[in-house]
Novice: 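Structure incoming, see below.
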Amino acid sequence: QVQLVESGGGLVQAGGSLRLSCAASGSAFGINAMGWYRQAPGKQRELVAIITSGGSTNYADSVKGRFTISRDNAKNTVYLQMNSLKPEDTAVYYCIGSSSIVYWGQGTQVTVSS
C-alpha cells in the first residue's frame with residue numbers, strides 16, 4: 001500500500017507562485033510515474049503534469065511554460081512549481097503515483113484570486 005500526502009496549496013493572487021509537494025510512503029519503491037491532476041468546481045478531473053522515474057515529463061497545454069514538475073526519487077517526493085498563476089488554475093490538486101495501480105492523494109486546494 002502507498003500513501004501520498006500533498007502540501008503547499010493555498011490562496012495566491014493572479015501572477016503569483018505556489019509550490020506543491022507530495023511525499024509517498026509505504027510500498028513506494030514500486031512507483032514509476034508520479035504526477036498531478038486537478039479538478040475545478042463543476043469540471044472533470046484533468047491531468048496537469050506527470051513525470052516518470054527516469055525524468056520524462058508531460059504537461060497539459062494549459063500549463064506549459066508556467067508549471068514545472070520535478071521529483072526526488074530518493075525521497076519519493078514529487079513537486080509542482082506553479083508560476084504565473086491564473087484564476088482558471090483554481091482547483092483541488094491531487095497527487096498520483098502509479099505502479100501496477102494508481103494511488104491518489106487526498107488533494108490540496110489552490111485558489112488564485114484575480
Side-chain angles (χ1 to χ4, degrees):
Q1 192 72 5
V2 174
Q3 294 79 42
L4 300 172
V5 179
E6 301 109 332
S7 61
L11 173 64
V12 65
Q13 288 188 330
S17 297
L18 283 175
R19 189 192 194 210
L20 305 183
S21 300
C22 172
S25 60
S27 302
F29 59 86
I31 290 180
N32 178 14
M34 297 186 76
W36 297 90
Y37 278 72
R38 68 185 180 186
Q39 187 166 22
K43 295 188 177 181
Q44 288 188 328
R45 195 171 294 189
E46 62 174 357
L47 175 68
V48 176
I50 196 162
I51 184 168
T52 67
S53 57
S56 297
T57 59
N58 192 33
Y59 295 92
D61 287 343
S62 59
V63 307
K64 284 180 181 176
R66 300 188 298 122
F67 291 11
T68 302
I69 190 170
S70 61
R71 68 189 284 176
D72 184 332
N73 290 329
K75 295 182 179 179
N76 290 318
T77 300
V78 63
Y79 306 97
L80 186 68
Q81 179 66 43
M82 305 185 292
N83 299 328
S84 302
L85 282 161
K86 304 175 181 180
E88 50 263 44
D89 294 317
T90 295
V92 177
Y93 283 70
Y94 297 91
C95 174
I96 65 114
S98 68
S99 53
S100 56
I101 63 175
V102 178
Y103 299 93
W104 291 83
Q106 80 284 358
T108 186
Q109 177 70 46
V110 171
T111 302
V112 184
S113 63
S114 57

Novice: Hey, could you give me the CG/CZ distance between Leu20 and Phe67, rounded to the nearest 0.5 Å?
Specialist: 8.0 Å
Novice: Are any side-chain N or O atoms of Glu6 and backbone N or O atoms of Gly107, one a donor and one an acceptor, separated by less than 3.5 Å?
Specialist: yes
Novice: Assess whether salt bridge (Lys or Arg N to Asp or Glu O under 4.0 Å) is satisfied between Lys86 and Asp89, documenting all intermediate values.
Specialist: CA-CA 5 Å; Lys86 304 175 181 180; Asp89 294 317; over 6 Å; no
Novice: Apart from Val102 itself, which Ile, Leu, Val, Met, Phe, Trp or Tyr residues share its cluster (side-chain heavy atoms under 4.5 Å, direct or through members)?
Specialist: Tyr37, Leu47, Ile50, Val92, Tyr94, Ile96, Trp104
Novice: Please round to the nearest 0.5 Å and tell me the distance separating atom OG1 of Thr57 and atom CZ of Arg71.
Specialist: 12.0 Å
Novice: What distance separates Met34 CE from Asp72 CG, expressed to the nearest 0.5 Å?
Specialist: 10.5 Å
Novice: Give me the atom names and distance for the closest heavy-atom approach of Ser17 to Ser84.
Specialist: OG-N, 4.4 Å
Novice: Would you name the heavy atoms of Leu18 and Gly8 that are closest together and state the gap between them?
Specialist: CD2-O, 3.9 Å
Novice: If we only count heavy atoms from C-beta on, is the Arg38 to Ser62 side-chain gap below 4.5 Å?
Specialist: yes
Novice: Heavy atoms, side chains only, cut-off 4.5 Å: are Asn76 and Ile31 in contact?
Specialist: no
Novice: Output the distance between atom CH2 (Trp36) and atom CD1 (Ile51), rounded to the nearest 0.5 Å.
Specialist: 12.5 Å
Novice: Going through the checks in order, is the side-chain hydrogen bond (donor to acceptor under 3.5 Å, both in side chains) test met by Thr52 and Asn32?
Specialist: CA-CA 6 Å; Thr52 67; Asn32 178 14; 4.9 Å; no
Novice: Look up atom CD in Gln81 and atom OG in Ser21, then write down how far apart they are to the nearest 0.5 Å.
Specialist: 9.5 Å
Novice: For Thr90, does its backbone N or O pair with a side-chain atom of Thr111 as donor and acceptor, under 3.5 Å?
Specialist: no
Novice: Write down the atom of Cys95, the atom of Val78, and the distance for their closest heavy-atom approach.
Specialist: SG-CG1, 3.9 Å
Novice: I want to check something: taking the side chain as every heavy atom from C-beta on, are Thr68 and Tyr79 in contact at a cut-off of under 4.5 Å?
Specialist: no
Novice: For the residue pair Val5 and Ser25, establish whether any side-chain heavy-atom pair is separated by less than 4.5 Å.
Specialist: no
Novice: For the residue pair Met82 and Val63, establish whether any side-chain heavy-atom pair is separated by less than 4.5 Å.
Specialist: no
Novice: Closest heavy-atom contact between Lys43 and Gln39?
Specialist: O-NE2, 3.2 Å
